[in-house]
Amino acid sequence: EEGDILTAITMMVMMLMIISVLVIGKDLVRLSCSTVISYLSIVVMIRFISWGFSIILVTIFTAFTILGTTIYLSGASPDTCQSVFVACLCVMCLMGALIYLVFGWAQIQGFGSENTAELESMSILINVKFLDVSFAMGLLTTMGAIIEGAMSVAVGMEQFSRTSKSPNRLFSFGISIGEKMFGTLVNTLYFGFFGSSLALLIWFTRLNYGWGQLINDKIFVFELLLILFSFLAVVIIIPVTVMCVILQQHSINVNRSNR
């Protein structure tokens with residue numbers, strides 16, 4: 001069985017590499033470096049947490065590393081990358097504080113009753129604060145939606161700014177891009193939630209869970225909050241990115257006029 005798993009993984013990696021070379025071309029090396037650095041950052045984060053370092057501090061440092069790597073190795077212009085980085089940093093700080101407060105108030109950290117069978121022969125006395133672990137999962141989960149939303153809006157506004165320098169028109173165009181992008185991104189998050197939680201939802205249906213049991217189940221509420229945080233992050237990142245790009249363009253125009 002292990003051989004079959006390795007064979008399947010190897011085939012998928014080879015197919016991914018071939019298709020990536022055909023589609024992305026010469027930019028594959030840069031994007032691959034971004035993916036590898038992000039992956040190694042997660043591995044290092046897990047290792048430092050296992051050594052007893054503060055989960056919150058390690059998570060924040062890892063989030064900054066992934067954020068900078070993903071944005072500045074994306075291939076966008078330096079001005080766009082700077083605007084996106086500032087916007088994502090502001091929203092990430094806001095969402096981090098909100099995630100920690102909501103998870104602490106909801107008391108959904110730790111394992112649910114559905115995990116009892118798997119944990120019977122194991123010890124959970126691992127000296128880890130599960131609220132901090134939930135914070136780490138929530139922050140890293142919302143980062144993808146934040147970066148994708150900000151980059152989509154900023155790149156479109158950069159192209160539009162070459163034909164129009166009016167801040168009002170640039171603002172309207174940025175919000176228009178955000179509105180169009182919001183629907184597709186929300187659908188991606190929505191179907192991702194149901195795809196990852198399908199087995200759990202079938203479990204609840206077969207056991208005839210009532211509405212009260214459903215909204216008090218740790219696993220379901222945790223997954224639901226993650227998707228709601230992602231929705232909220234997408235809503236917030238659109239106007240924040242628009243304002244950051246407009247301020248960046250205004251600064252560029254002022255510098256050019258002073259020369």
Side-chain angles (χ1 to χ4, degrees), residues 16 19-38 63-96 139 141-192 227 229-259:
L16 176 63
I19 296 174
S20 298
V21 170
L22 294 176
V23 175
I24 301 176
K26 62 181 181 180
D27 293 333
L28 178 62
V29 175
R30 183 183 66 251
L31 298 178
S32 298
C33 290
S34 173
T35 303
V36 170
I37 293 174
S38 299
F64 285 164
T65 303
I66 296 175
L67 184 67
T69 301
T70 304
I71 292 174
Y72 285 98
L73 291 181
S74 64
S77 67
D79 294 332
T80 298
C81 290
Q82 183 177 352
S83 301
V84 171
F85 183 80
V86 172
C88 290
L89 192 61
C90 294
V91 176
M92 191 178 70
C93 292
L94 176 62
M95 293 305 301
L139 185 62
T141 300
T142 57
M143 275 187 59
I146 293 173
I147 296 174
E148 183 177 351
M151 189 63 70
S152 300
V153 173
V155 171
M157 292 181 66
E158 180 190 22
Q159 298 296 325
F160 184 77
S161 65
R162 297 174 182 176
T163 59
S164 176
K165 302 298 182 181
S166 172
N168 292 331
R169 294 188 63 187
L170 193 60
F171 179 84
S172 300
F173 183 78
I175 295 298
S176 176
I177 293 178
E179 291 174 351
K180 297 175 182 177
M181 175 271 302
F182 179 76
T184 57
L185 189 54
V186 165
N187 282 334
T188 302
L189 297 172
Y190 181 76
F191 289 116
I227 195 68
F229 282 133
S230 298
F231 287 165
L232 181 60
V234 172
V235 173
I236 297 175
I237 193 61
I238 293 173
V240 173
T241 303
V242 170
M243 294 306 301
C244 287
V245 172
I246 290 176
L247 292 175
Q248 178 74 15
Q249 291 296 324
H250 177 71
S251 177
I252 293 174
N253 294 333
V254 169
N255 291 334
R256 287 176 179 175
S257 61
N258 291 334
R259 291 178 181 176

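- A donor-acceptor contact shorter than 3.5 Å is absent between the side chain of T69 and the backbone of I66.
- One N or O on the side chain of T142 and one on the backbone of L139 form a donor-acceptor pair closer than 3.5 Å.
- For residues 74-95, the pairs satisfying ring-ring contact (aromatic ring centres under 6.0 Å, His included) are Y72-F85, with sequence neighbours left out.
- Summarising the geometry, atom CG belonging to D79 is positioned 8.5 Å from atom OG belonging to S251; distances are rounded to the nearest 0.5 Å.
- Here the CE atom belonging to M95 is positioned 12.5 Å from the SG atom belonging to C88, to the nearest 0.5 angstrom.
- Among all heavy-atom pairs drawn from T70 and S38, the shortest one is OG1-OG, 3.9 Å.
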- Message: Using the rule given for side chain to side chain contact (heavy atoms under 4.5 Å, CB included), can you reason through I71 versus M151, listing the C-alpha separation, both sets of side-chain angles and the distance that settles it, and then say yes or no?
- Response: CA-CA 8 Å; I71 292 174; M151 189 63 70; 4.0 Å; yes

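- The CE atom of M92 sits 7.5 Å away from the CD1 atom of I146 when rounded to the nearest 0.5 Å.
- I147 contributes atom CD1, which lies 9.5 Å from atom OG of S74 (distance to the nearest 0.5 angstrom).
- I246 places a side-chain heavy atom less than 4.5 Å from the side chain of M157.
- Here L94 contributes atom CG and C90 contributes atom SG; the two are 9.0 Å apart, rounded to the nearest 0.5 Å.
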Determine all donor-acceptor pairs shorter than 3.5 Å in which one atom belongs to a side chain in residues 172-183; sequence neighbours excluded.
residue, atom, partner, partner atom, Å
S172, OG, N168, O, 3.1

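- Between A154 and V84 the shortest heavy-atom distance is CB-CG2, 3.3 Å.
- Here the closest non-hydrogen pair linking F160 and R169 is CE2-O, 3.8 Å.
- Nearest heavy-atom pair, S230 versus A145, reported as atom, atom and distance to 0.1 Å: O-CB, 4.3 Å.
- At least one side-chain heavy atom of L89 sits under 4.5 Å from a side-chain heavy atom of L67.
- For the pair I237 and A87, the tightest heavy-atom approach, listed with the atom from each and the gap, is CD1-O, 3.7 Å.
- Here the CG-CD1 distance, from L232 to I227, works out to 12.0 Å after rounding to the nearest 0.5 Å.
- Smallest separation of non-hydrogen atoms from T80 and S77: OG1-OG, 2.9 Å.
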